[in-house]
Every structure is written in C-alpha cells, then in structure tokens.
Amino acid sequence: MNLSGNIITEVKKVISGKERVLWWILTAILARGHILIEDIPGVGKTTIALAFSKALGLDYGRVQFTPDVLPSDITGYTLYNKDTGAMTYQSGAILCNLFLADELNRATSRTQSALLEAMEEGQVTVDGTSHQIPKPFTVIATQNPTGASGTSLLPDSQLDRFSVRLSIGYPSPKSERAMVLNRQSGDPLKSVKQITSKSQLISMQSDCDSVFVKDEIVDYIVELIGKTRNNSMILRGASPRTTLSITALSKAMAYINGRDYVIPDDVGAVFCDAVEHRILLAPSAEAKGISGSSILEKILDSVKAPSIT
C-alpha cells in the first residue's frame, strides 16, 4: 500500500463507511486546498479533522463558531508589553497546520471574513503587520444546512475559496454498529498513528505540483468551466479560481492513483464536487427542482474528453 493508502487506513480507524469522503479530503489537502463539509451535527466532521491531523502529523487548531466569536479570536491581536514598551502579537487559533472552523455559518459575516486572507494568502494581518501561517496549511470548515437555527449563508467570496464541498451523511447500519463496537475499548482516536511528518506532506504536495498536464487537458478544463457560464440553468458560472482549483485537484487525483500525468478521468472525478458550490442556479432551475449536480453532470457528458496517448 502506498503512503496515501496508509493515511486513509489510519483515518478509517475512527470513521467507517465513508471512504469516498476521506479520499476527497486527502486529495484537497495534497492540492493545497480547503474543504467545506456541510452536514447535520453529530456525523463525525470534527472527528475526521482530528484523525487527519494525527495521521499527517499536523498541528491542529479549532474554533467553535458562534455569534459572539470575534475576528481577533481567529487572527490574533496585539497587546502592549509594559516591559518592552512595544506592542506584542498574540497569535490566533488559525496559526496552525490544520484549522477546523466548526459550524462556520453560525458566526457573523465579519468573523467569517477573517478567514479569507488566511485561506488565500497563508497569512493574517493584524494592526498592519502580516504574520505567516505555518506550512502546510489547510482549513476544514463545517456548516449546518442552510435554514438551521442560528445560521447565515456564507458569502460567495468565502465559498469560492473552498476547493470542494462535501457531505458525510448518516452511516449505514453496519458502519454505525462498527462505530459503537470500536468505542467499547476506548477512544479510537488514540489508536491513530502518525504516517507522515509536515515535511513529508509538503514533499507530497510538491510532487502533486509536478504532475504533468497536457495542453489538451487544460483546454478540456477551460471548456467545461466555460459551459457553466453559458447555461440557461445557471445564473452565475464558475470563476477562474475554480479553473485553477480543478487543475490542482486533478493533479492530486493523478498522484494518488500513481501517475505523474493527468488524464480526463481525473478531471471528471473532481469536476462536480469542486464546482457545485461555486455556481448560482437560475430561478427557473430552482423552480423545477433541478440540482446543481445534475446540471454539472450534463455539462460533463456534453464535452468530449480529449484522447490522451
């Protein structure tokens, strides 16, 4: 089993029956992306984040977002040091390798926006001074379904910075039974072993960067994204940032599958989950109950994949 498989094996010790979600999270991490998990409370979102931090050897930070959480709780703040006569920076929770923004859509818009600079540039700016976030760095954010008590919609600029939006869902009866039995002998998180170090993960990310993408594949990705901007069922199509994100995710997918080049199947595997949260459906689509995923699947079917030899 390769290194990626070993990582998933460790995480599966605490979450069973959700292998697709686990592979997706690892793919996004290798692509230096951020993950949004939208689901009801109690299905294992926090547990997954903790398990990945242990298996990958990452420093872990977590904030439970509520309406009274302030931006400074995330980014940090400065205090006057009477001994030195200077202002001293007190680091915020986000200065870590893997940051869990739990129930992000319960926070105010101002607090939500505190994540933007960190997610895009890998730094936070406090009182005019920038502070670098340690590498590697990934945000796993969770949100309750829209309309749940005390929630507000994430702004489009925030959604666009997430590489992928996932849903865990309820476990099958078999997986739920296994979950109960696994906890009879203690907390399964304690059994998760570290598989990689921070430097190893950075090396894996660099290997993903080096995966080759032919011009035909780039044209394929650009055409798919273009179709989202010229569809009567879509009011607003995917952004250029989405194009870059799909390319990075496709590289990571190829790497996980043991290839140093991207094939059309890699693009097809990431397209829907990487795009759906970044488009805005037209009122006519919503009125007819047409989902974003079904529209994107039709787009994927309508564009001829290039032949790679």
Side-chain angles (χ1 to χ4, degrees), residues 7-8 10-11 14-15 21-22 24-37 44-66 68-79 88-108 110-127 129-143 154 158 161-166 187 189-190 192-206 208 248 252:
I7 293 167
I8 296 299
E10 289 302 309
V11 178
V14 297
I15 194 89
V21 172
L22 303 185
W24 244 122
I25 292 173
L26 180 59
T27 302
I29 291 173
L30 291 175
R32 294 191 177 91
H34 306 292
I35 302 107
L36 178 63
I37 303 176
K45 301 184 293 288
T46 303
T47 302
I48 287 176
L50 275 168
F52 268 104
S53 70
K54 291 193 67 175
L56 297 172
L58 303 178
D59 294 330
Y60 172 79
R62 175 180 180 267
V63 168
Q64 179 71 47
F65 281 80
T66 56
D68 59 349
V69 171
L70 301 174
S72 58
D73 296 327
I74 313 303
T75 62
Y77 51 90
T78 55
L79 289 176
T88 302
Y89 173 64
Q90 306 293 314
S91 60
I94 203 167
L95 269 76
C96 59
N97 301 121
L98 195 158
F99 178 69
L100 176 63
D102 213 354
E103 296 185 300
L104 179 59
N105 60 338
R106 292 185 62 204
T108 63
R110 185 183 177 196
T111 301
Q112 290 174 1
S113 66
L115 286 175
L116 292 180
E117 182 185 14
M119 293 172 67
E120 187 70 15
E121 301 177 27
Q123 66 177 26
V124 293
T125 301
V126 179
D127 294 336
T129 302
S130 296
H131 305 273
Q132 295 297 313
I133 297 174
K135 295 181 180 180
F137 174 64
T138 296
V139 172
I140 296 179
T142 73
Q143 67 171 358
L154 295 180
Q158 186 98 46
R161 283 167 169 79
F162 288 103
S163 295
V164 61
R165 181 177 66 183
L166 304 171
D187 185 358
L189 269 171
K190 295 179 180 178
V192 176
K193 299 176 183 177
Q194 180 178 332
I195 301 299
T196 66
S197 63
K198 298 172 191 175
S199 60
Q200 283 178 303
L201 179 55
I202 291 173
S203 178
M204 292 171 72
Q205 291 174 332
S206 296
C208 289

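- Partners of S203 by side chain to side chain donor-acceptor pair (under 3.5 Å), not counting sequence neighbours: none found.
- Here the CD1 atom belonging to I7 is positioned 5.0 Å from the OG1 atom belonging to T196, to the nearest 0.5 angstrom.
- When all heavy atoms of L95 and V124 are compared, the pair lying nearest together is CD1-CG2, 3.9 Å.
- Partners of Q158 by side chain to side chain donor-acceptor pair (under 3.5 Å), not counting sequence neighbours: none found.
- Here L70 pairs with S72, D73 under the side-chain contact (heavy atoms from CB on, under 4.5 Å) rule; sequence neighbours left out.
- When side chains are defined from C-beta on, I74 counts as touching V69, because their heavy atoms get closer than 4.5 Å.
- Checked against side-chain contact (heavy atoms from CB on, under 4.5 Å), R32 has the following partners two or more places apart in sequence or in another chain: Q205, S206, D209.
- With sequence neighbours excluded, no residue satisfies side chain to side chain donor-acceptor pair (under 3.5 Å) with T88.
- You'll find the side chain of K54 stays beyond 4.5 Å of the side chain of Y60, heavy atoms only.
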- Message: side-chain contact (heavy atoms from CB on, under 4.5 Å) for V164 and I25? Distances and angles first, verdict last.
- Response: CA-CA 9 Å; V164 61; I25 292 173; over 6 Å; no
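- Counting all heavy atoms, side chain and backbone alike, C96 lies closest to G61 at SG-N, 3.5 Å.
- Judged as a ring pair (Phe, Tyr, Trp, His ring centres under 6.0 Å), and not counting sequence neighbours, the contacts of Y89 are H131.
- Atom-to-atom distance recorded for E103:CD and F65:CZ is 10.5 Å, nearest 0.5 angstrom.
- The closest side-chain heavy-atom distance from N97 to L201 is not below 4.5 Å.
- Residues satisfying the side chain to side chain donor-acceptor pair (under 3.5 Å) test with T142, not counting sequence neighbours, are D102.
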- What do the steps show when you test L22 against F52 for side-chain contact (heavy atoms from CB on, under 4.5 Å), and what is the final call? CA-CA 9 Å; L22 303 185; F52 268 104; 4.1 Å; yes
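- Partners of S199 by side-chain contact (heavy atoms from CB on, under 4.5 Å), not counting sequence neighbours, listed by chain and number: S197.
- Partner of T46 under the side chain to side chain contact (heavy atoms under 4.5 Å, CB included) criterion, chosen from I37, I140, L100: L100.
- The two residues C208 and A252 have their closest heavy-atom pair at SG-CA, 3.8 Å.
- Among residue pairs with one or both ends in residues 129-138, none qualify as salt bridge (charged side-chain N to carboxylate O under 4.0 Å, His left out); sequence neighbours excluded.
- Listed by chain and number, the residues in a salt bridge (charged side-chain N to carboxylate O under 4.0 Å, His left out) with D187 amount to none (sequence neighbours excluded).
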- Item | Residue pair L50, V14: steps toward the side-chain contact (heavy atoms from CB on, under 4.5 Å) verdict | CA-CA 10 Å; L50 275 168; V14 297; over 6 Å; no
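- The only member of I29, L26, T27 that meets side chain to side chain contact (heavy atoms under 4.5 Å, CB included) when paired with I35 is I29.
- In this structure, the side-chain contact (heavy atoms from CB on, under 4.5 Å) partners of Q123, at least two apart in sequence or on a different chain, are E117, E121, T125, S130, Q132.
- The side-chain heavy atoms of V63 and F99, taken from C-beta on, include a pair separated by under 4.5 Å.
- Panel note: side chain Q112, backbone A107; a donor-acceptor pair is recorded below 3.5 Å.
- Taking 4.5 Å as the limit, every side-chain heavy atom of M204 sits out of range of all side-chain heavy atoms of L56.
- Within the 4.5 Å cutoff, no side-chain heavy atoms of E10 are placed close to those of Q194.
- The shortest distance between side-chain heavy atoms of L115 and L104 falls below 4.5 Å.
- The minimum heavy-atom distance linking A118 with I94 is given by the pair CB-CD1, 3.4 Å.
- Every residue two or more places apart in sequence or in another chain that forms a ring pair (Phe, Tyr, Trp, His ring centres under 6.0 Å) with F137 is listed here: H34.
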